[in-house]
Amino acid sequence: VDLTDEALVNSFRATKESRYFTCLVGRYQNRVFNAAFRILGNTHECEEVVQDTFLKIIQNLDKFEGKASFAAWLFAISHNVCVDLLRNRKRKGTYKMISFDPQSNHDDDSVEVNLNVVSQIKDPTPDPAHQLDSLEQQVTVATSLQKIPDSQRIVLVLHDIEGFSYQEIAEIVGVSVGTVRSRLHYGRQKMRELLDPYFNQAALTPHSR
Amino acid sequence: MSLKSLTCEDVNPLLDAYRDEELDQVERQDVASHLDSCQNCQTKLKGIESVVASLKSLPQLQMPHSLTTDIDFLKTAFEIAGCRVDSEVETTAKPQSSSDTIKAFPIAEESGKHRLLHRIFPIPGPVIFAGAAAAAALALVILVPRMLNTSLTSPTTMATLPKQPPAKPDLNHREVDDATPNVSRDNRVEHNTTTSLNQYAVHDSARSNSATNEPSNPVPKESHMSSQATEIASATNTTIPPSTDKPAIELAPGVGQSPAQGETFSEEREGSATVTSSDTADLLALYPSDSNPINNELAISTDEDGLYALKL
């Protein structure tokens with residue numbers, strides 16, 4: 001169907017024919033899935049995000065006023081679903097706060113072992129990322145992206161991966177354009193710091209890549 | 001238009017927006033003029049470009065399975081919207097079975113379906129608990145009298161070995177048991193149980209054949225438990241040919257069953273069997289008794305822990 005998103009929405013509202021909604025799903029499901037994966041860092045919840053997003057879309061389609069683009073409205077809903085998951089993740093304590101101390105090597109005979117101190121840190125790269133980002137650079141970038149704060153990562157994903165403008169991101173996330181600019185600046189700065197060792201190594205050994 | 005002379009500290013926060021062309025005209029010209037004369041800020045701008053390029057280089061992921069062909073999702077969505085489903089969707093969409101979906105994300109598949117079901121049937125918690133309580137009460141009403149009847153009638157005579165004497169006694173069993181008199185009964189029964197279970201399939205098929213050949217005297221279809229009990233009786237008397245004209249198991253006489261009824265097992269007696277035979281010398285040798293061993297009744301019962309024998 002060669003209609004704009006807004007035309008599809010209006011047609012669906014008028015006729016209630018499922019094909020218009022199905023067309024919208026087909027257009028955006030992969031984008032939403034991809035953005036959710038980059039924000040959440042794993043694939044476990046991404047399908048849920050996509051399903052929840054489109055169910056909320058069809059539930060609230062009458063509330064779409066057309067002030068923002070349909071894509072921005074859709075990604076605003078998807079963003080809220082992702083944020084809820086991130087909050088639940090923190091609330092459930094998925095991540096345990098531990099201390100990193102390389103000198104805390106304790107032999108097996110030690111009686112008292114402090115489980116909150118580790119001397120080695122496992123590479124936190126998720127397995128799906130390894131599978132999907134086959135190239136080493138992509139794995140490094142995806143891993144670094146998960147290390148920056150959620151708010152900055154979301155803005156980076158929406159701008160640099162999904163291509164939304166500052167104004168659209170401000171509407172999606174619900175902050176001012178200045179906040180978007182700031183988050184983007186600091187997010188990229190941290191990404192640069194994380195990727196610098198890789199970039200420097202790549203520059204030193206160009207033939208190894 | 002005012003071209004201010006900006007410092008690096010002023011320009012640094014604006015470099016990202018400058019790269020993204022999100023600055024207004026004045027700011028853009030100010031930053032551009034600074035960049036012309038500042039190598040440091042140019043390097044930072046290149047760093048920003050490399051970060052953006054690396055993010056853009058990430059692959060675009062695809063949904064493991066498309067929602068446009070997921071009929072569960074589409075039905076749920078269209079139920080919410082209250083719209084009619086096109087015939088095109090009905091024909092092209094199909095249920096997402098486990099066989100046609102990518103197995104890369106099994107957890108997501110399971111959890112996604114669970115949430116989808118919850119959305120389809122948004123039953124509140126109290127209703128679920130009330131339903132479960134009603135079901136439990138109903139189960140109690142049905143099962144408790146049944147369990148009481150079963151407990152009152154057990155142990156119950158189930159079957160006897162045929163009275164035909166063994167043509168070829170199993171000397172091995174006798175020797176083993178005579179040689180190991182201190183072995184407990186349970187261990188011995190387990191030994192025989194293993195033997196019987198190994199022979200189970202063969203004997204079962206033999207009994208089926210026998211039932212087929214003798215429609216007037218059929219071997220009843222039994223549950224797995226009673227079949228195991230039957231097999232223990234068969235195993236302890238290995239001389240019984242599977243193809244004998246007489247069924248391998250008969251009900252014991254004088255236990256409230258008429259001869260005509262003795263060919264079928266009562267459900268209430270399922271799970272226990274009594275072997276009464278004057279010719280099961282090798283079986284009785286497993287359970288030495290100080291009284292007259294010939295007239296002893298042995299019950300072979302089953303429970304969840306396995307098989308064991310009871311002396312009645």
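From a predicted model like this one, the values you see are computed outputs, not experimental measurements.
Both the backbone and the side chain of A:Ser165 come within less than 4.5 Å of a heavy atom of chain B. Contacts between A:Leu194 and chain B at a heavy-atom distance below 4.5 Å are absent for every atom of the residue. Interface residue B:Ile48: only side-chain heavy atoms are found under 4.5 Å from chain A.
Residues A:Arg181 and B:Glu22 share a closest heavy-atom pair of NH2-O, 3.8 Å. In terms of heavy atoms, B:Pro13 sits closest to A:His185 at CA-CE1, 3.8 Å. The two residues A:Tyr166 and B:Ala17 make their nearest non-hydrogen contact at OH-CA, 3.5 Å. Closest non-hydrogen pair, B:Ser54 versus A:Leu195, comes out as OG-CD1, 3.7 Å.
Between chain B and the options A:Leu61, A:Leu184, A:Ile58, heavy-atom pairs under 4.5 Å are most frequent for A:Ile58. Between chain A and the residues B:Val51, B:Val52, B:Asp16, B:Leu15, the largest count of heavy-atom pairs under 4.5 Å involves B:Asp16. Residue with the most contacts toward chain B among A:Asp62, A:Ile57, A:Val25: A:Val25 (heavy-atom pairs, distance under 4.5 Å).
Between B:Asp20 and A:Arg188 a salt bridge is recorded (basic side-chain N to carboxylate O distance below 4.0 Å).
Between the A:Asp160 side chain and the B:Leu55 main chain, no donor and acceptor come within less than 3.5 Å of each other.
In this structure the side chain of A:Ile161 reaches within 4.5 angstrom of the side chain of B:Gln60, judged on heavy atoms. Residues A:Gln189 and B:Asn12 have side chains in contact (heavy-atom distance under 4.5 Å, counting atoms from C-beta outward). Taking 4.5 Å as the limit, every side-chain heavy atom of A:Arg192 sits out of range of all side-chain heavy atoms of B:Lys44.
Of all residues in residues 65-81 of chain A, none places a non-hydrogen atom less than 4.5 angstrom from a non-hydrogen atom of chain B.
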- [ ] Mind running side-chain contact (heavy atoms from CB on, under 4.5 Å) on A:Val50 and B:Met63 for me, showing each step along the way?
- [x] CA-CA 9 Å; A:Val50 180; B:Met63 279 280 284; 3.7 Å; yes
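The number of heavy-atom neighbours closer than 6.0 Å to OH of A:Tyr186, taken from other residues, nucleotides and ligands shown, is 12 or below. Annotation: B:Lys46, atom NZ; neighbour count of heavy atoms from other residues, nucleotides and ligands within 6.0 Å does not exceed 12.
Rounded to the nearest 0.5 angstrom, A:Gln137 CD and B:Leu58 CG are separated by 8.5 Å. How far CD of B:Gln62 is from CG of A:Asn34: 8.5 Å, rounded to the nearest 0.5 Å. From A:Gln29, atom CD reaches atom CZ of B:Phe73 across 8.5 Å, with rounding to the nearest 0.5 Å. In this structure, B:Leu74 CG and A:Thr22 OG1 are separated by 5.5 Å, a value rounded to the nearest 0.5 Å. How far OG1 of B:Thr68 is from CZ of A:Arg19: 15.0 Å, rounded to the nearest 0.5 Å. In this structure, CD on A:Gln59 lies 11.5 Å from OG1 on B:Thr76, to the nearest 0.5 angstrom.
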